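First comes the structure, then the notes that go with it.
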There are 2 protein chains.
Amino acid sequence: MSEDLTARARIRDAAIKLFSERGIDGASIRDIAAEAGVSSGLLRHHFGSKEALRQACDEYARDRMFALGRELVDEVGLENISLASIQPVSFPLQTYMARSMMDGSETAVALFLQTVEYGAEWAKTHGVVTDDYRAWSAVIAVMKLGVFVLRDLLELALGEDIASPTGYARMTRAFVDIFSQPLLTPEQADNLRKD
Amino acid sequence: MSEDLTARARIRDAAIKLFSERGIDGASIRDIAAEAGVSSGLLRHHFGSKEALRQACDEYARDRMFALGRELVDEVGLENISLASIQPVSFPLQTYMARSMMDGSETAVALFLQTVEYGAEWAKTHGVVTDDYRAWSAVIAVMKLGVFVLRDLLELALGEDIASPTGYARMTRAFVDIFSQPLLTPEQADNLRKD
DNA sequence: TAGACAACTACACGACTGTGTAGTCAAGCC
DNA sequence: GGCTTGACTACACAGTCGTGTAGTTGTCTA
C-alpha cells in the first residue's frame with residue numbers, strides 16, 4: 001500500500017485486502033479507509049457507496065486477472081507457464097474473487113459461471129469420462145474455490161502460509177498428487193454410481 | 001421447526017439454519033429468535049450470549065453427526081452404506097459445520113484438524129502416492145468443504161438444489177467421475193512437480 | 001485575481017447490533 | 001394461602017454500521 005499510488009488506488013487495494021480477509025459485510029468502509037490512510041468520506045467521494053466500491057473491486061480484479069493471463073501467454077507461450085511465477089500477483093486477486101463469488105456479487109458470479117462453462121468444454125475436448133460435463137466442471141470449480149475461501153483452515157493444517165514458497169509448493173504438489181491418481185477403483189466407482 | 005420441540009431446541013435449530021445460510025456475523029439474534037418464534041430475550045435466557053449459542057450449535061452438530069455415523073454403521077455395516085439414505089439429516093449438519101469452520105469457531109476447527117489427521121492416516125494405509133500426506137489430506141478436506149460453503153454457486157451452475165434427489169445424484173456422480181480417473185498424465189504430473 | 005472544481009475532512013443522522021435490566025406469568029412446593 | 005423458580009417478554013443502552021451534508025484546502029484556468 002505504497003504512498004505513490006493515488007488515493008483512489010490505495011482505497012481500492014485496501015478494499016480488496018479487507019474484503020478478502022473478512023468478506024464484504026465483515027469489512028466496514030471505516031476500516032477500509034483507515035487501511036488506505038484516508039477518511040471514510042473520501043472513500044465515499046471516490047466510489048459513492050460501499051456497493052459501488054465492491055463493484056469497482058470486482059471489475060478491477062477481473063480485468064487485472066485477464067490482463068495477467070494474456071501477458072503471461074504472450075511472454076512465455078502456453079505450454080511452459082511456471083505457476084510459481086504468477087503466484088505473487090495473481091494470488092490476492094484470486095482470493096478476492098473467490099470471496100466475492102461466495103458473497104454473491106454479480107460480476108464475480110458471472111465470472112464463475114463463465115469458468116464452469118469453459119471447464120465443461122475443456123472436459124469434453126480432453127477425453128474426460130462423464131455424462132454430465134456441467135456438473136463435473138461445477139464441482140471442480142467449487143472445490144478449487146474452496147482452497148481460497150478456506151485458506152485459513154488450510155494454513156492451520158499445513159502449519160504455514162500458503163503464500164510462502166514452501167507452503168505454495170506443498171499445496172501445488174498435493175493438487176498434482178490428487179489429480180494424477182484415481183482414488184476410486186473402477187469397481188468402487190460403478191458401485192457408487194448405482195446409488 | 002415444529003411446535004412440539006422445546007423452545008430451546010427450536011432456537012438451536014433456527015440458529016443452525018441461519019448461521020449456515022448467512023454465517024455467524026450475518027445472522028442476528030433477533031432474526032434467529034424470530035425464526036424460532038420466540039423473543040430475543042428468551043434466546044438470551046437460554047444461551048446467555050450469541051457466542052455461547054454458537055458453541056452450543058457447534059457441539060450439538062458435532063455430536064449429532066458422530067451419533068448418525070455410529071447408528072449407520074451399527075445398522076447396515078460399513079461396506080454397504082447408501083449415501084443417499086443419510087443425506088437428508090446429515091446435509092444441514094455438514095453445511096453448518098463447514099460454515100462454522102470457515103468462521104473460525106473453536107470446536108469446528110478442532111474437528112477439521114481431526115478430520116485432516118484421519119484423512120492422512122487413511123491415505124497412508126490405502127496406498128495413496130504422495131510424500132506429504134498431511135498436505136494431501138488438508139487439500140482434499142478444504143476442497144470437500146468448498147462444496148458446502150459455496151453451495152449457492154454450485155446450485156446456480158447446476159440449475160437445481162443439491163438437496164433435491166436429482167441434484168444430489170448429479171453432484172455425487174461428478175465426485176465419482178472426478179476421483180475415479182486421473183486428470184493429469186504421469187508426464188504432466190512429473191513436469192508440474194519440478195516447479 | 002477571481003472563480004471553478006476536484007480532493008479531502010468532520011460530523012451528524014437513523015437503523016441495526018449484542019447486551020443489560022426489569023417485570024409478567026404459570027407451575028411446583030412449604 | 002404465600003413463595004420460589006424457570007420460561008418468557010418488553011424495553012432501554014451504547015456501539016457500530018452505511019449514508020448524508022456542510023465545509024476546507026489546493027490547484028488549475030479564464
Side-chain angles (χ1 to χ4, degrees), chain A residues 1-60 96 99-100 102-108, chain B residues 1-60 96 99-100 102-108:
Chain A
M1 227 63 68
S2 66
E3 273 299 325
D4 56 351
L5 288 175
T6 64
R8 197 174 197 282
R10 288 209 315 279
I11 293 171
R12 184 237 301 136
D13 289 348
I16 289 181
K17 176 168 180 249
L18 295 193
F19 282 155
S20 298
E21 290 173 3
R22 311 178 192 174
I24 309 289
D25 288 341
S28 72
I29 61 168
R30 284 172 177 82
D31 289 344
I32 295 169
E35 175 82 19
V38 299
S39 72
S40 67
L42 184 60
L43 187 152
R44 190 166 166 67
H45 170 71
H46 278 302
F47 293 95
S49 73
K50 188 180 185 180
E51 172 63 18
L53 170 62
R54 212 216 52 213
Q55 277 183 33
C57 289
D58 278 359
E59 285 159 21
Y60 171 80
Y96 169 79
R99 184 74 203 215
S100 191
M102 204 194 80
D103 290 344
S105 133
E106 204 173 328
T107 306
Chain B
M1 225 64 64
S2 67
E3 273 299 325
D4 55 351
L5 288 174
T6 64
R8 196 175 197 281
R10 287 209 316 280
I11 293 170
R12 184 236 301 137
D13 289 348
I16 288 181
K17 176 167 180 253
L18 295 193
F19 282 156
S20 298
E21 290 173 2
R22 312 178 191 175
I24 309 290
D25 289 340
S28 73
I29 60 167
R30 284 172 178 82
D31 289 343
I32 294 169
E35 175 82 19
V38 300
S39 72
S40 66
L42 183 61
L43 187 152
R44 191 167 165 67
H45 170 70
H46 278 302
F47 293 94
S49 72
K50 187 179 184 180
E51 171 64 18
L53 170 62
R54 212 215 52 214
Q55 276 183 33
C57 290
D58 278 358
E59 284 158 21
Y60 172 80
Y96 169 78
R99 184 74 204 213
S100 191
M102 206 194 78
D103 289 344
S105 133
E106 205 172 328
T107 306

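Convention: sequence-line order gives letters A, B, ...; per-chain numbering from 1. On a predicted model such as this, the values are computed, not experimentally measured, just so you know.
Put simply, CZ on B:R10 is 12 Å from C1' on D:dC8, counting in whole angstrom units. The CG-C1' distance, from A:L42 to D:dT24, rounds to 14 Å in whole Å. One atom, CZ of B:F47, and another, P of D:dG6, lie 17 Å apart when rounded to the nearest Å. We find that CG of A:L43 is positioned 14 Å from C1' of D:dC17, with the value rounded to whole Å. Rounded to an integer number of Å, the gap from B:I32 CD1 to C:dG18 C1' is 11 Å. The nearest whole Å value for the distance from the NE2 atom in A:H45 to the P atom in C:dA6 is 8 Å.
Near DNA chain D, meaning a heavy atom under 4.0 Å away, the residues from residues 49-56 of chain A are A:S49, A:K50. Across residues 21-30 of chain A, A:A27, A:S28, A:I29, A:R30 each have a non-hydrogen atom less than 4.0 Å from an atom of DNA chain D (numbered order).
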Worked check of side-chain contact (heavy atoms from CB on, under 4.5 Å) between B:S100 and B:F19: CA-CA 8 Å; B:S100 191; B:F19 282 156; over 6 Å; no
Stepwise side-chain contact (heavy atoms from CB on, under 4.5 Å) check, A:D25 with B:D25: CA-CA 9 Å; A:D25 288 341; B:D25 289 340; over 6 Å; no
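A close approach under 4.0 Å does occur between a side-chain nitrogen or oxygen of B:H46 and OP1 or OP2 of D:dC8.
When side chains are defined from C-beta on, B:I11 does not count as touching B:E35, because their heavy atoms never get closer than 4.5 Å. Here the side chains of A:L53 and A:I32 are in contact, with some heavy-atom distance below 4.5 Å. Taking 4.5 Å as the limit, every side-chain heavy atom of B:I29 sits out of range of all side-chain heavy atoms of B:F47. The closest side-chain heavy-atom distance from B:R10 to B:D13 is not below 4.5 Å. Using a 4.5 Å heavy-atom cutoff, the side chains of A:K17 and A:R12 are not in contact. Taking the side chain as every heavy atom from C-beta outward, A:D31 and A:R22 approach each other to under 4.5 Å.
Ion pairing between a basic and an acidic side chain is recognised when a charged N comes within 4.0 Å of a carboxylate O; A:R54 and A:D103 show no such pairing.
Remark on DNA chain D: of its neighbouring residues B:A7 and A:G48, the 5'-side contact belongs to B:A7, judged by nearest-heavy-atom nucleotide.
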